[in-house]
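Here the structure comes first, spelled out in structure tokens, and everything after it is commentary.
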Amino acid sequence: MRTRVLFVRHGDSLHKHERVTGGPKGCRGLTETGRQQAERLGRRLAAEIGEARTSVYSSILPRAVETATAISAACGLPFSQDFQDCGLCTWHIPPEADGLPSEEFLRRFHADGGGVHRPFQVGNESWAELVTRVSRTVADLAYRHRGETVIVVGHAETVEVSFNVFGLLPAYRPFDLEVSPASVTEWVTDEDPGRWPPPRWTLTRFNDT
């Protein structure tokens, strides 16, 4: 019973080039380069998964939804609002910061003493809260689709948290990860994703572009 979870970071996004905080309002989706990346990745994944039973999920942010839409279309898989989950999002920033220039957000909302369990910005999540939220969402998807393939389209942070939920690393990692746009990170297990103690997962590829 092999379960595969493929984490995809969204394609090149407008908010990065515009240097604004890309929440639900501030995110305007992908650049033309990002759309091309998503389409190419969709064709590649379609060839990889073949006839395997597969589902596509994404965060609710436009850049991830647009990427997932391209992938699902290429793979001939259903994708709608029912497959979009806020649990897969990057940082849940305060609503009043959404769309602000990134530098202004960091300056105006700065919070002293930020770290793993305390947020770096007023009203923002802490890293530990983000890890818990994303881990719970991903673990639930793996359980619901055990024995199948799941494509999770999210953000750099979504991919990073895969090392927590499947690699069982602590919230604080002593190293950094570089996650490229439209890259694939894949974890697989032949054990039941819902078993206790947790199953052994294998990282078969990381940041594969």
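The basis for the numbers below is simple: all heavy atoms, side chains too, and nothing from hydrogens, waters or symmetry mates.
For Arg19, the CZ atom counts as loosely surrounded, since its 6.0 Å shell holds 12 or fewer non-hydrogen atoms of other residues, nucleotides or ligands. Atom CD of Glu32 sits in a crowded spot, with more than 12 heavy atoms from other residues, nucleotides or ligands closer than 6.0 Å. No more than 12 heavy atoms of other residues, nucleotides or ligands lie within 6.0 Å of NE2 in His117, so this atom counts as exposed by the packing criterion.
The heavy-atom pair separating Pro193 from Ala142 by the smallest distance is CG-O, 3.6 Å. Here the closest heavy-atom approach between residue Pro119 and residue Ser126 is recorded as N-CB, 3.9 Å. Shortest non-hydrogen contact noted between Gly29 and Glu66 is CA-OE1, 3.5 Å. Contact detail for Val56 and Phe79: the closest heavy-atom pair is O-CD1, 3.6 Å. In this structure, Val134 and Cys89 approach most closely via the heavy-atom pair CG2-O, 3.9 Å. Across all non-hydrogen atoms, the minimal contact from Gly42 to Cys75 is O-SG, 3.9 Å.
Leu61 and Phe105 sit in two unconnected hydrophobic clusters of ILVMFWY residues. Membership requires side-chain heavy atoms under 4.5 Å apart, directly or through other members. Using a 4.5 Å cut-off between side-chain heavy atoms of Ile, Leu, Val, Met, Phe, Trp and Tyr, with links allowed through other members, Leu177 and Val138 fall into the same hydrophobic cluster. In the hydrophobic clustering of ILVMFWY residues, with side-chain heavy atoms under 4.5 Å counting as a link, Trp187 and Ile151 come out together. Hydrophobic clustering places Val179 together with Val150 (ILVMFWY residues linked when any side-chain heavy atoms are closer than 4.5 Å, directly or through intermediates). Note on Leu203 and Val131: same hydrophobic cluster, where clusters join Ile, Leu, Val, Met, Phe, Trp and Tyr whose side-chain heavy atoms are under 4.5 Å apart, directly or indirectly.
Looking at Thr33 and Gln37, their side chains come closer than 4.5 Å, going by heavy atoms from C-beta outward. Side-chain contact check for Asp98 versus Ile93: some heavy-atom pair is nearer than 4.5 Å. Between His110 and Asp112, some side-chain heavy-atom pair lies under the 4.5 Å cut-off. Under the 4.5 Å side-chain criterion, counting only non-hydrogen atoms from C-beta, Thr189 is not in contact with Arg2. At a threshold of 4.5 Å between non-hydrogen side-chain atoms, the residues Ile71 and Val153 count as touching. Annotation: side chain of Thr158 is in contact with side chain of Val152 (closest heavy-atom distance under 4.5 Å). Using a 4.5 Å cut-off on side-chain heavy atoms (C-beta onward), Phe109 and Pro94 make contact. Under the 4.5 Å side-chain criterion, counting only non-hydrogen atoms from C-beta, Arg108 is in contact with Leu100.
Between Arg133 and Glu129, no side-chain nitrogen of the basic residue sits less than 4.0 Å from a carboxylate oxygen of the acidic one, so the salt-bridge criterion is not met. Using a 4.0 Å cut-off between a side-chain N of Lys or Arg and a carboxylate O of Asp or Glu, Asp190 and Arg4 do not qualify as a salt bridge. Contact check on Arg205 versus Glu48 returns a salt bridge, with a Lys/Arg side-chain nitrogen under 4.0 Å from an Asp/Glu carboxylate oxygen. In this structure, Arg136 does not pair ionically with Asp140, as no charged nitrogen and carboxylate oxygen lie closer than 4.0 Å. Salt bridge absent: Arg200 and Glu191 never bring a charged side-chain N and a carboxylate O closer than 4.0 Å. Between Glu160 and Arg173 there is a salt bridge, with a side-chain nitrogen of the basic residue lying less than 4.0 Å from a carboxylate oxygen of the acidic one.
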Next item on the list: Decide side-chain contact (heavy atoms from CB on, under 4.5 Å) for Tyr143 and Thr3; before the verdict, give the C-alpha distance in whole Å, the side-chain angles of both, and the deciding distance to 0.1 Å.
Entry: CA-CA 9 Å; Tyr143 177 74; Thr3 303; over 6 Å; no

Next item on the list: Tell me, with the steps shown, if Leu6 and Leu45 meet side-chain contact (heavy atoms from CB on, under 4.5 Å).
Entry: CA-CA 10 Å; Leu6 280 62; Leu45 291 178; 3.8 Å; yes

Next item on the list: Quick one: do Thr31 and Asp12 satisfy side chain to side chain donor-acceptor pair (under 3.5 Å)? Show the steps, please.
Entry: CA-CA 6 Å; Thr31 63; Asp12 187 57; 2.7 Å; yes

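Summarising the geometry, atom CD1 belonging to Ile49 is positioned 7.0 Å from atom OG1 belonging to Thr149; distances are rounded to the nearest 0.5 Å. Note that CH2 of Trp127 is 10.5 Å distant from CZ of Phe120, once rounded to the nearest 0.5 Å. Here the CG-CG distance, from Leu88 to Leu141, works out to 6.0 Å after rounding to the nearest 0.5 Å. Remark: Ile60 CD1 to Gln84 CD distance equals 8.0 Å, nearest 0.5 Å. For the atom pair CG (Leu14) and NZ (Lys16), the distance works out to 12.5 Å, reported to the nearest 0.5 Å.
Screening Thr209, Asp208, Asn207 for a side chain to side chain donor-acceptor pair (under 3.5 Å) with Ser180, the sole residue that qualifies is Asn207.
Aromatic ring orientation, Phe166 versus Phe7: perpendicular (interplanar angle above 60°, classes split at 30° and 60°).
Every residue meeting the ring-ring contact (aromatic ring centres under 6.0 Å, His included) condition with Phe206, not counting sequence neighbours, appears here in chain and number order: Phe163.
Applying the ring-ring contact (aromatic ring centres under 6.0 Å, His included) definition to pairs two or more places apart or across chains, those involving residues 9-36 are His10-His155.
For the 3.5 Å distance criterion, the side chains of Glu157 and Thr90 qualify, holding a donor opposite an acceptor.
Side-chain atoms of Thr67 come within 3.5 Å of backbone atoms of Gly11 as a donor-acceptor pair (strictly under, hydrogens ignored). Side-chain atoms of Thr137 do not come within 3.5 Å of backbone N or O of Ser135 as any donor-acceptor pair.
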